[in-house]
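The block underneath contains the structure these notes are about, expressed in structure tokens.
Just so we're clear, the structure is a prediction, and the values are computed from it rather than from any experiment.
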Amino acid sequence: MALATGTARPSAVRTLWASTLGKKAVMAGTGVIMLLFLVVHMLGNLKIFFGAAEFNSYAGWLRTIGEPVLHNSWYLWVQRFVLVVCVVLHAITAYQLSRRDRAARPQRYQHRPPARASYATHTMRWGGVILGLFIIWHILDLTTLTVNPLGQAHHPYENVVADFRVWWVNIIYIVAMLALGLHIRHGFWSAAQTIGANNRGRDHSLKVVANVLAVALTAGFIVVPVAVMTGVVS
């Protein structure tokens, strides 16, 4: 039997990953997954207003999701793994698309790019860096409890309250949530363009949705440290 000649054809996955459209699709898809997680996470955080028993019960319930098929806390580890993969893929595709965009324009602009486009680019780039650093700090703070002022396992309400009684912790959290809001606002619009959901008739509605999501999530996350700082939650 004659040996096959020629170079093997790349797989469909590799071809998709190598294309600009494929990278944008990966970026949009991982962004949607993370956005859904943020909505659920924010709603869960708001349970802190119902008291320690309610909040701690909710946190405990998260560890039992999937039982008896899954063992205690397995769901949380699966969720964390998926989110880490999404964050890594999102960051890699963002970096690669940025480099590809610059390579397509080897010469400097003879005229400055539109202020709106420049603002969006810088917001997404530096907002992503801020959020990446915040994720690392947030894990060390409320997941591993390494840097948490209280750091008591299985006492999530008490750990959160101890956290937001520290002024500089509040600053870190609020700055990160403001960056998150801007990232969501621009990211939602970019994702809509990537999947072809936008057109002249839908543009206004999509922008409204992007703004509402950004404001709602930002406010929903920031209200917790503000409540602790003002003594509403203690």
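For the pair Pro225 and Asn170, the tightest heavy-atom approach, listed with the atom from each and the gap, is CB-OD1, 3.4 Å. Of all non-hydrogen atoms in Val87 and Met34, the two that sit nearest each other are CG2-SD, 3.6 Å. Nearest heavy-atom pair, Leu35 versus Phe188, reported as atom, atom and distance to 0.1 Å: CD2-CD1, 4.3 Å. The shortest non-hydrogen separation linking Met27 to Ala94 is CE-CB, 3.4 Å. The heavy-atom pair separating Pro156 from Ala59 by the smallest distance is CG-CB, 3.4 Å. Glu158 and Ala52 get closest at one heavy-atom pair: OE2-CB, 4.3 Å.
Taking OG of Ser73 as the start and CD of Glu67 as the end, the distance is 8.0 Å to the nearest 0.5 Å. A distance of 9.5 Å separates CG in Leu16 from NZ in Lys23, rounded to the nearest 0.5 Å. To the nearest 0.5 angstrom, Thr218 atom OG1 is 8.0 Å from Met177 atom CE.
Taking a 6.0 Å sphere around CZ of Arg80, one finds it holds more than 12 heavy atoms contributed by other residues, nucleotides or ligands. Environment of CZ in Phe50: sparse, with no more than 12 heavy atoms of neighbouring residues, nucleotides or ligands closer than 6.0 Å.
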* Asked: Taking it one step at a time, do Leu145 and Leu150 satisfy side-chain contact (heavy atoms from CB on, under 4.5 Å)?
  -> CA-CA 8 Å; Leu145 304 177; Leu150 183 63; over 6 Å; no
* To do: List the steps, then state whether side-chain contact (heavy atoms from CB on, under 4.5 Å) holds for Leu180 with Leu38.
  => CA-CA 10 Å; Leu180 175 66; Leu38 287 170; 3.7 Å; yes
* **Step-by-step side-chain contact (heavy atoms from CB on, under 4.5 Å) determination, Val69 to Trp74** => CA-CA 10 Å; Val69 176; Trp74 277 23; over 6 Å; no
* To do: Evaluate side-chain contact (heavy atoms from CB on, under 4.5 Å) for Thr93 paired with Trp17, printing each intermediate quantity in order.
  => CA-CA 9 Å; Thr93 51; Trp17 175 256; 3.4 Å; yes
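Between Tyr58 and Phe55, the two ring planes are tilted [angle within 30° to 60°].
Looking only at side-chain heavy atoms (C-beta outward), Leu178 and Ile222 come within less than 4.5 Å of each other. Val84 is listed as a side-chain neighbour of Val88, based on a closest heavy-atom distance under 4.5 Å. By the 4.5 Å heavy-atom criterion applied to side chains, Arg165 and Ser234 are counted as neighbours. For the pair Ile174 and Met229, the minimum side-chain heavy-atom distance is below 4.5 Å. In this structure the side chain of Lys207 never reaches within 4.5 angstrom of the side chain of Arg185, judged on heavy atoms. For the pair Asp163 and Pro149, the minimum side-chain heavy-atom distance is below 4.5 Å.
Val212 and Ile184 are members of different hydrophobic clusters when ILVMFWY side chains are connected at heavy-atom separations under 4.5 Å. A continuous path of Ile, Leu, Val, Met, Phe, Trp and Tyr side chains, each step under 4.5 Å between heavy atoms, connects Val166 with Val175, placing both in one hydrophobic cluster. Criterion: ILVMFWY side-chain heavy atoms under 4.5 Å apart, direct or through other members. Under it, Val39 and Leu206 are part of a common hydrophobic cluster. Residues Leu43 and Val233 fall within the same hydrophobic cluster, defined by Ile, Leu, Val, Met, Phe, Trp and Tyr side chains chained together at heavy-atom separations under 4.5 Å. Leu76 and Phe37 are assigned to two separate hydrophobic clusters, defined by single-linkage of ILVMFWY side chains at heavy-atom distances under 4.5 Å.
The ring pair (Phe, Tyr, Trp, His ring centres under 6.0 Å) analysis of residues 147-171, with sequence neighbours excluded, yields the pairs Phe164-Tyr173.
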Side-chain donor-acceptor pairs of residues 130-144 under 3.5 Å, sequence neighbours excluded:
from: Asp141; atom 1: OD1; to: Asn148; atom 2: ND2; distance (Å): 3.2
from: Thr144; atom 1: OG1; to: Ile139; atom 2: O; distance (Å): 3.4
from: Thr144; atom 1: OG1; to: Leu140; atom 2: O; distance (Å): 3.2
from: Thr144; atom 1: OG1; to: Thr146; atom 2: N; distance (Å): 3.4
from: Thr144; atom 1: OG1; to: Thr146; atom 2: OG1; distance (Å): 2.7

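A donor-acceptor contact shorter than 3.5 Å links the side chain of Asn159 to the backbone of Gln152.
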